[in-house]
Amino acid sequence: MYSIFKIQKDIKDGIKASLEKIAAETGVNPYDMPMPELEVPKDRSFGDYATNVAMTSSKLFGKKPRELAELIKSNFPLTKYIASIEIAGPGFINFKLDRTWLYNVLKEINAMEEDYGNLDIGKDQKIQIEFVSANPTGPMHLGNARGGAIGDVLASVLKKAGYYVEREFYINDAGNQVEKFGASLEARYLQLLGQDAAVPQDGYHGEDLVELMKEYIEDNGEGCLSMSSDERQLVLREWALEKNIERMKKDLEAYGIHYDVWFRESSLYESGEVNAVIEELKKNGHTYEKDGAVWFKATEFGADKDDVLVRANGIPTYFASDIAYHRNKFIKRGFDRVIDIWGADHAGHVGRMKAAMEALGISPDRLTVILMQLVRLKMGGEFARMSKRKGNMVTLRDLVDAVGKDAVRFLFNMRSADSQFEFDMDLAIKESSENPVFYAQYAHARICSILRNASSIGINVPDIADVELNHLNKNVEFDLMEKLASYPEEIGQAALRLEPYRLTHYAMDLATLFHSFYTECRVIGEEEGVMKARLVLIDSTKKVLANALSVLGVGAPEKM
RNA sequence: GCGCCUGUAGCUCAGUGGAUAGAGCGAUUGACUCCGGAUCAAUAGGCCGCAGGUUCGACUCCUGUCAGGCGCACCA
């Protein structure tokens with residue numbers, strides 16, 4: 001157990017023991033007592049930890065909060081590292097620690113190296129996280145970039161917290177969108193070969209289709225001219241989908257995202273799973289027919305409205321294949337839990353998908369959908385809704401090329417998924433050199449620089465067993481160690497609350513504390529004992545910072 | 001009209017029912033003859049959209065209201 005958890009447990013156990021003793025003396029039923037909660041006071045001069053338990057249970061004990069607090073204090077079994085206990089304000093009990101407990105943390109970091117911060121709260125539960133899943137009909141946009149950054153870091157966080165995690169990209173290579181894509185490609189193909197053709201009104205009007213067809217003609221010539229329109233669309237479409245998927249893989253790799261599985265919607269039709277799931281729902285009475293279409297009774301499971309599974313023309317809807325897809329995740333592949341990251345424009349879909357899971361006998365709690373508010377792009381002082389079909393967009397690739405992988409990933413992970421995001425491309429480029437990611441990376445490079453300088457005069461980071469850690473006794477040093485100590489806690493919170501953005505805040509805070517330390521304390525040239533202790537401290541800081549940056553998928557450079 | 005999300009410093013955003021509401025950027029003022037100034041220290045800047053309610057205590061929970069975003073297809 002990490003020392004930070006151990007010390008918190010010691011305090012809680014102490015409070016509990018104290019309360020039980022008071023309960024026994026006053027005849028209060030111990031089962032009615034609340035579990036004591038600890039919090040970190042905003043103003044640290046109050047102490048390291050505080051509890052409000054005297055306030056929350058003052059009624060139960062029939063005593064005034066401050067009076068009860070005094071009793072808890074006087075019955076508290078003093079344990080190691082607790083320096084003082086004080087009652088304050090309306091009845092807070094503040095615990096001050098003897099901060100030398102923090103030396104243990106340096107030992108933990110040195111023993112565990114890159115495993116520091118690893119937890120077992122996941123208990124090897126199988127989690128699948130599906131994100132981006134952009135239509136393969138064109139390049140990825142800013143919304144995909146945001147979803148990618150959030151999904152990829154969340155996956156890393158969950159893995160660190162002890163879950164078995166798979167990253168998956170769902171390729172929508174079936175259905176209406178793809179038909180439109182084929183028709184649009186055909187029009188561009190014919191235009192390039194001098195024929196009169198128009199991209200359908202609701203087709204894809206982006207220039208990228210023209211480029212694709214130029215490339216196709218270069219490689220494959222004009223052979224499609226002699227085909228029927230249906231055949232031609234199919235050939236062009238399949239060719240273009242392959243191209244686009246390859247491109248997406250490359251773009252995502254350049255963005256630092258590697259998927260375990262690329263799953264094709266079309267495979268669900270080929271395997272018969274779409275029909276099978278429709279039949280299963282029918283058989284169990286969860287469907288009805290209306291106007292020639294097959295409807296799923298989503299309202300029976302609490303959704304706001306029913307939805308169509310099979311259109312009157314006999315073709316299943318996207319909803320039907322998506323149910324089959326999720327059934328595949330849970331039943332065929334046996335994931336305990338599935339996390340989907342969707343754009344907020346799919347919000348209406350969530351209730352119906354959960355309803356469908358319930359109808360299939362899969363607990364809807366096993367499916368978590370993180371709705372990500374859309375990214376709005378500011379261009380020329382105005383907001384424009386980006387559209388693949390209209391072709392007016394900044395792509396993920398543009399962004400990564402202009403601002404850099406690290407800065408983009410960091411930027412998108414500084415905000416929670418449900419905040420709206422107004423993105424000013426010009427500002428992003430202009431301010432890229434002031435991006436917070438560089439602040440954190442600079443701290444890492446600075447430490448490396450000190451270690452290099454030390455090494456050049458024959459001083460290496462000593463074995464921690466040979467170091468008198470009590471040379472570390474300044475406030476800035478304790479503050480820094482405290483931040484290092486809280487890393488496992490931060491990983492746990494980020495994993496449990498599905499909030500990967502905590503990691504960017506952590507990296508920033510750690511960097512700030514290091515920079516403060518740097519300004520106040522020298523390492524090289526200090527008396528030997530102090531120098532050795534500080535070398536261990538900055539080396540530990542370097543390890544944890546690199547650890548956090550690696551979870552974020554951004555680099556930890558030795559030089560900048 | 002109904003549903004979901006969001007209103008916090010000039011800007012972009014944090015803030016597990018607790019004590020004097022925070023960070024980055026921007027502004028102002030300072031700081032190495034010295035381990036990287038991509039840094040540090042300090043100052044200014046807030047009716048936490050508004051109004052009620054619950055509570056010992058509300059930025060946080062509830063209700064209403066105003067403003068913005070997104071949905072409400074036999075599209076995906």
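Hydrogens, waters and symmetry mates play no part in the numbers below; they use all other heavy atoms, side chains included. Each chain gets a letter, A, B and so on, in the order the sequences are listed, and its residues count up from 1.
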The nucleotide from B:rC74, B:rG36, B:rA19 with an atom nearest the side chain of A:Ser449 is B:rG36
For B:rA14, does either OP1 or OP2 sit under 4.0 Å from a side-chain N or O belonging to A:Ser416?
yes
Query raised in the report: Just wondering, more than 12 heavy atoms not from A:Arg502 lying within 6.0 Å of its CZ?
Result: yes
Considering every strand and a 4.0 Å limit on heavy-atom distances, what is the contact class for A:Phe319: base, sugar-phosphate, or nothing? nothing
C1' atom, B:rU60 versus B:rU55: distance in rounded Å?
-> 13 Å
Looking only at heavy atoms, the pair that brings A:Met508 and A:Tyr439 closest together is O-CE2, 3.8 Å
Re B:rU65: Watson-Crick or G-U wobble partner, both distances kept under 3.5 Å, found to be B:rG49
Of the listed B:rG24, B:rG18, B:rG36, the closest approach to the A:Ile450 side chain comes from B:rG36
Whether A:Ser516 contacts B:rA41 is assessed here as follows: a side-chain N or O lying under 4.0 Å from the phosphate OP1 or OP2. Is that the case? yes
| task | State whether the distance check finds a donor on one side and an acceptor on the other, under 3.5 Å, for side chain A:Asn52 versus base B:rG18. | result | yes
In Watson-Crick or G-U wobble terms, with both distances under 3.5 Å, the base opposite B:rC2 is B:rG71
Atom NE2 of A:His515 and atom P of B:rG36 are separated, to the nearest Å, by 13 Å
Return the orientation label for the A:Tyr501 and A:His505 ring planes: parallel under 30°, perpendicular over 60°, tilted otherwise.
perpendicular
* To do: Taking only the side-chain nitrogens and oxygens of A:Tyr318, find out if one of them lies under 4.0 Å from OP1 or OP2 of B:rA73.
  => no
RNA chain B nearest-nucleotide lookup for A:Asn313 and A:Asp509: closer to the 5′ end is A:Asp509
Centroid separation A:Tyr487 to A:Tyr506 less than 6.0 Å: yes
Respond yes when some side-chain nitrogen or oxygen of A:Thr519 is under 4.0 Å from OP1 or OP2 of B:rC40, and no when none is.
no
*Can you tell me, in whole Å, how much space there is between the P of B:rC47 and that of B:rC11?*
11 Å
Atom CG of A:Leu374 and atom C1' of B:rU6 are separated, to the nearest Å, by 12 Å
Euclidean distance for C1', B:rA27 against B:rG68 (whole angstrom)
28 Å
Open item on the list: Between A:Phe263 and A:Phe169 (judged by ring centroids, cut-off 6.0 Å), do the two rings come close enough to count as a pair?
Closed with: no
If we take the C1' atom in both B:rA51 and B:rU43, what is their distance in whole Å? 35 Å
ask   = With rounding to whole Å, what would you report as the distance between B:rG45 and B:rG26 at their C1' atoms?
value = 11 Å
(Q) Please confirm whether the ring centroid of A:His444 lies under 6.0 Å from the ring centroid of A:Phe514. (A) no
Checklist entry - Looking across every strand, which nucleic acid part, if any, lies under 4.0 Å from A:Arg502 by heavy atom: base, sugar-phosphate, or nothing? => result nothing
Whole-Å distance, A:Phe410 CZ to B:rA38 P, equals 18 Å
>> Can you tell me if A:Tyr439 touches the phosphate of B:rC40, counting only side-chain N or O atoms and a distance under 4.0 Å to OP1 or OP2?
In response: yes
Rounded to whole Å, CE of A:Met372 lies from P of B:rC5 at a distance of 16 Å
For A:Ala443, which contact category applies under a 4.0 Å heavy-atom criterion: base, sugar-phosphate, or nothing? nothing
Here's one to test your reading of the geometry: is the NZ or CZ of A:Arg352 within 45 degrees of the ring axis of A:Phe296 and under 6.0 Å from its centre? no
- If you look at every strand shown and take non-hydrogen atoms under 4.0 Å, does A:Asp291 touch a base, only sugar-phosphate, or nothing? base
**Separation of the P atoms in B:rG15 and B:rU6, to the nearest angstrom** = 10 Å
- Message: Does a side-chain N or O of A:Thr512 approach OP1 or OP2 of B:rA23 to a distance below 4.0 Å, or not?
- Response: no
Out of B:rU16, B:rG24, B:rG36, minimum distance to the side chain of A:Ala445 belongs to B:rG36
* With a non-hydrogen cut-off below 4.0 angstrom, is A:Lys305 in contact with a base, only sugar-phosphate, or nothing? -> sugar-phosphate
Quick one: the side chain of A:Gln420 and the base of B:rG68, do they pair up donor-acceptor inside 3.5 Å? yes
Over all strands shown, is A:Ala454 touching base, sugar-phosphate only, or nothing at heavy-atom distances under 4.0 angstrom? nothing
Please confirm whether the shortest side-chain N or O distance from A:Arg446 to OP1 or OP2 of B:rG37 is below 4.0 Å. yes
Quick one: label A:Ser419 by what it contacts on the DNA or RNA (base, sugar-phosphate, nothing), any heavy atom closer than 4.0 Å. sugar-phosphate
Check your understanding: Does atom CD of A:Glu528 have more than 12 heavy-atom neighbours, drawn from other residues, nucleotides or ligands, at distances under 6.0 Å?
Key -> no
Notebook entry, point to check: With a centroid cutoff of 5.5 Å and a plane-angle limit of 30°, would you call A:Tyr501 stacked on B:rA14?
Noted result: no
Side-chain contact check for A:Asn176: nearest option of B:rA76, B:rA19, B:rA38 is B:rA76
Should the ring pair A:His286 and A:Phe301 be called parallel, tilted or perpendicular, given that the plane angle runs from 0 to 90° and is split at 30 and 60?
perpendicular
**Asked** Given the P atoms of B:rA9 and B:rA21, what is the spacing between them in whole Å?
**Response** 14 Å
Q.
Does A:Asp306 reach a base, just sugar-phosphate, or nothing at all? Heavy atoms under 4.0 Å.
A. nothing
Between A:Asp173 and A:Arg264 (salt bridge meaning N to carboxylate O under 4.0 Å), is one present in this structure?
yes
Pairing partner of B:rA58, by Watson-Crick or G-U wobble and under 3.5 Å for both distances, is none
Side-chain atoms of A:Ala293 come closest, of B:rG24, B:rC74, B:rC35, to B:rC74
Paired to B:rA23 by Watson-Crick or G-U wobble criteria (both distances under 3.5 Å) is B:rU12
Worksheet entry | Face-to-face stacking of A:Tyr442 with B:rG36, centres under 5.5 angstrom, angle under 30° | no
Between CD of A:Glu39 and P of B:rU16 the distance, given in whole Å, is 12 Å
Would you classify A:Lys64 as touching base, sugar-phosphate or nothing, given that sugar-phosphate means primed atoms plus P, OP1 and OP2, and contacts are heavy atoms under 4.0 Å? nothing
Determine the contact category for A:Ala347: base if any of its heavy atoms lies under 4.0 Å from a base atom, sugar-phosphate if only primed atoms, P, OP1 or OP2 are that close, otherwise nothing. nothing
Between CG of A:Asp479 and C1' of B:rC40 the distance, given in whole Å, is 15 Å
Comparing A:Asn453 with A:His349, nearest RNA chain B nucleotide closer to 5' gives the residue A:Asn453
From OH of A:Tyr288 across to P of B:rC74 the rounded distance in Å is 11 Å
Quick note, A:Gln177 side chain, CB onward, closest among B:rA76, B:rA38, B:rC74 is B:rA76
Hey, does A:Cys521 reach any base, or is it just sugar-phosphate, or nothing, if we go heavy atoms under 4.0 Å? base
When both distances are under 3.5 Å in a Watson-Crick or G-U wobble arrangement, the nucleotide paired with B:rA38 is none
